Amino acid sequence: MSLESEVLGKIKPTADEIEKIDAAANALKKKVEDYVRENDIDVEVRFVGSYAKGTYLSDPDIDLFLLFPETVSLKDLESVGLSIGEAVIKNGERIYSEHPYTRGVYEGMDVDLVPSYSIKTTEKLRTAVDRTPFHTRYILDNLKEEQMDEVRLLKKFMKGIGVYGAEPNTRGFSGYLCELLILYYGDFLKTLEGAVGWKEGTIITIEKKGPPILGPLIVYDPVDQKRNVASAVHVDTMALFIIASKAYLSSPSEKFFFPQERRPLSRDELQMISERDGSRIITVVFDRPNVVVENLYSQLWKTRYALTRKLNDFDYNVLRAVHEMYEKKLEIAFELERDVLSKTYKHSGPPVWVKAADSFLSKWKNNVYGPPFIEDGCWNVIAERMYFTAKEMLADEAAVSGIGREIDPRNMKIKDHESSLNETDPLLLTELLDPKNSWEI
């Protein structure tokens with residue numbers, strides 16, 4: 001038996017599991033249909049996503065769409081759609097994407113109840129989710145039955161290496177994208193072989209090529225050629241999938257599908273690595289705002305990048321950075337080349353023969369650290385730095401660095417090197433100082 005067959009035996013739903021999933025899904029659908037009929041609501045109830053396409057693993061999310069006529073206003077679609085969700089899914093949560101929908105649990109399964117429009121073509125979308133039923137129909141019409149298991153293998157592989165999901169925290173491959181890749185390449189192993197040859201800007205066309213699109217990976221949507229199905233895939237996520245594909249084809253292992261949980265290093269081990277590298281750690285902590293998780297992850301990435309730019313601009317130089325979202329806080333840890341700078345630095349001025357030279361000399365003539373001097377034909381002067389430590393720089397500059405809109409710099413806490421080693425989550429610091437791919441643990 002091949003490794004892939006063994007893995008499939010562990011991830012494919014059993015007959016009993018399928019029966020249980022079908023029973024719960026059909027009961028949910030009937031409950032929604034009964035509600036809309038009793039309340040005289042003109043809406044079609046339809047399954048979409050991996051459950052409808054038969055490509056789900058043993059723990060599927062159930063995506064149930066409420067298809068409204070195009071004559072219904074967007075305002076009514078949202079309000080009526082939410083009222084249906086709240087009536088059917090007890091203790092459901094309103095999720096605000098382009099328009100709100102209901103997320104909750106029904107008979108032990110995660111459920112999304114999403115209002116959308118019933119449209120005949122994707123040429124004129126009313127909302128972004130209107131094309132989803134077309135995705136479901138396309139896969140049902142084109143994916144062969146034996147390829148459904150190939151999709152399962154690809155999904156589990158991507159989950160194992162940490163690239164599955166188009167959400168902002170993962171920035172990876174959606175389930176629909178996995179299905180299209182299997183359609184394009186044929187099976188799981190051929191998809192990995194194809195990925196080995198990818199490079200930034202790779203284009204995959206299944207039906208028809210649409211207008212030019214920029215991105216690390218471009219996969220034209222066969223039901224809407226204007227759309228890149230891989231638009232959520234970050235270049236780093238794509239690169240991780242490429243190297244994982246190479247590694248698996250070279251040395252197949254179940255670790256790619258079922259990675260071991262990372263053991264955090266001890267405080268002493270972390271300190272030894274930091275001392276070995278001669279690097280310094282600084283950790284920035286924010287209170288977690290009450291924001292939808294998907295939106296908050298986007299803001300957390302934005303904040304990490306903004307603070308990295310600031311640290312680099314002021315010569316502290318970020319070697320690596322990691323972040324994590326906890327129940328009550330957001331934490332970003334940076335490994336720096338240095339966290340303390342000299343009090344002074346050399347400030348370069350204009351060539352001595354330009355008019356601006358006079359202004360430069362006038363400005364610096366009484367400089368406490370000595371008068372301007374010539375080097376390589378230009379005036380130079382020894383000046384005092386605005387900030388000596390990374391901690392004081394971030395305290396002053398974070399608010400104007402371009403961090404996430406709803407992340408409040410007023411509740412920011414900054415931990416220096418020693419405090420970071422003693423107080424920051426050891427698992428987060430392990431990822432920072434000793435990064436390993438999931439299959440290498």
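Treat the numbers as computed from the prediction; the structure is a model and nothing was measured.
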Derivation and outcome, side-chain hydrogen bond (donor to acceptor under 3.5 Å, both in side chains), residues T424 and T283: CA-CA 7 Å; T424 299; T283 307; 3.1 Å; yes
Candidate pair Y176 and D221, rule side-chain hydrogen bond (donor to acceptor under 3.5 Å, both in side chains), full reasoning: CA-CA 10 Å; Y176 179 50; D221 193 337; 2.9 Å; yes
Ring pair (Phe, Tyr, Trp, His ring centres under 6.0 Å) evaluation trace for W301 with Y297: CA-CA 6 Å; W301 276 109; Y297 267 117; 8.5 Å; no
Residue pair F173, Y164: steps toward the ring pair (Phe, Tyr, Trp, His ring centres under 6.0 Å) verdict: CA-CA 5 Å; F173 297 73; Y164 183 75; 8.9 Å; no
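Within the structure, every pair that satisfies the salt bridge (Lys or Arg N to Asp or Glu O under 4.0 Å) test and touches residues 134-154, not counting sequence neighbours, is listed here: K12-D149, R137-D141, D149-R152. Sorted by first and then second residue, the ring pair (Phe, Tyr, Trp, His ring centres under 6.0 Å) pairs with a member in residues 256-289 read F157-F256, F157-F257, F188-F257, Y248-F256, Y248-F257, F256-W439; sequence neighbours excluded. Every pair passing salt bridge (Lys or Arg N to Asp or Glu O under 4.0 Å) that includes a residue from residues 46-63 is listed here, sequence neighbours excluded: E44-R46, K53-E179.
Looking at heavy atoms from C-beta onward, L66 lies in side-chain contact with I84 at the 4.5 angstrom threshold. By the 4.5 Å heavy-atom criterion applied to side chains, V114 and L64 are not counted as neighbours. Residues F388 and L341 form no side-chain contact, since every pair of their non-hydrogen atoms from C-beta on lies 4.5 Å or further apart. In this structure, D277 and R320 have side chains that are in contact, with non-hydrogen atoms separated by less than 4.5 Å. Annotation: side chain of S116 is not in contact with side chain of F68 (no heavy-atom distance under 4.5 Å). R385 is not listed as a side-chain neighbour of T344, based on a closest heavy-atom distance of 4.5 Å or more. In this structure, L74 and T127 have side chains that are in contact, with non-hydrogen atoms separated by less than 4.5 Å. Contact annotation: the side chain of L330 approaches that of P289 to within less than 4.5 Å [non-hydrogen atoms, C-beta and beyond].
Under 3.5 Å, the side chains of Y138 and E207 contain a donor-acceptor pair of N or O atoms. Checking N295 against S298 by side-chain atom types alone, no donor-acceptor pair falls below 3.5 Å. A side-chain donor-acceptor contact under 3.5 Å links S279 and E335. Using modelled atom types and a 3.5 Å distance limit, the side chains of Q271 and S274 yield no donor-acceptor pair.
Atom CE of M325 and atom CD of Q299 lie 9.0 Å apart (nearest 0.5 Å). In this structure, OG1 in T102 is found 9.0 Å from CG in D112, a value given to the nearest 0.5 Å. Within the model, atoms OG1 of T122 and CG of D130 stand 10.0 Å from one another, a figure rounded to the nearest 0.5 Å. Here the OG1-CG distance, from T308 to N317, works out to 11.0 Å after rounding to the nearest 0.5 Å. To the nearest 0.5 Å, atoms NZ (K415) and CD (E423) are separated by 5.5 Å. How far NZ of K246 is from CD of E193: 13.5 Å, rounded to the nearest 0.5 Å.
Checking side-chain atoms of T237 against main-chain N and O of V233 turns up no donor-acceptor pair under 3.5 Å. A donor-acceptor pair is defined here as one N or O able to donate and one able to accept, closer than 3.5 Å; such a pair exists between the side chain of T303 and the backbone of G404. Without hydrogens or angle criteria, S250 side chain to A247 main chain gives no donor-acceptor distance under 3.5 Å.
Ionic pairing of E324 and K329 is not present here: no N-O contact between side-chain nitrogen and carboxylate oxygen is shorter than 4.0 angstrom.
Atom CZ of R276 has more than 12 neighbouring heavy atoms from other residues, nucleotides or ligands inside a 6.0 Å radius.
In this structure, K302 forms no cation-pi arrangement with Y305, as its terminal cationic atom is not both closer than 6.0 Å to the ring centre and no more than 45° off the ring axis.
The aromatic rings of Y387 and F314 sit perpendicular, their planes meeting at an angle over 60°, well past the 30° parallel limit.
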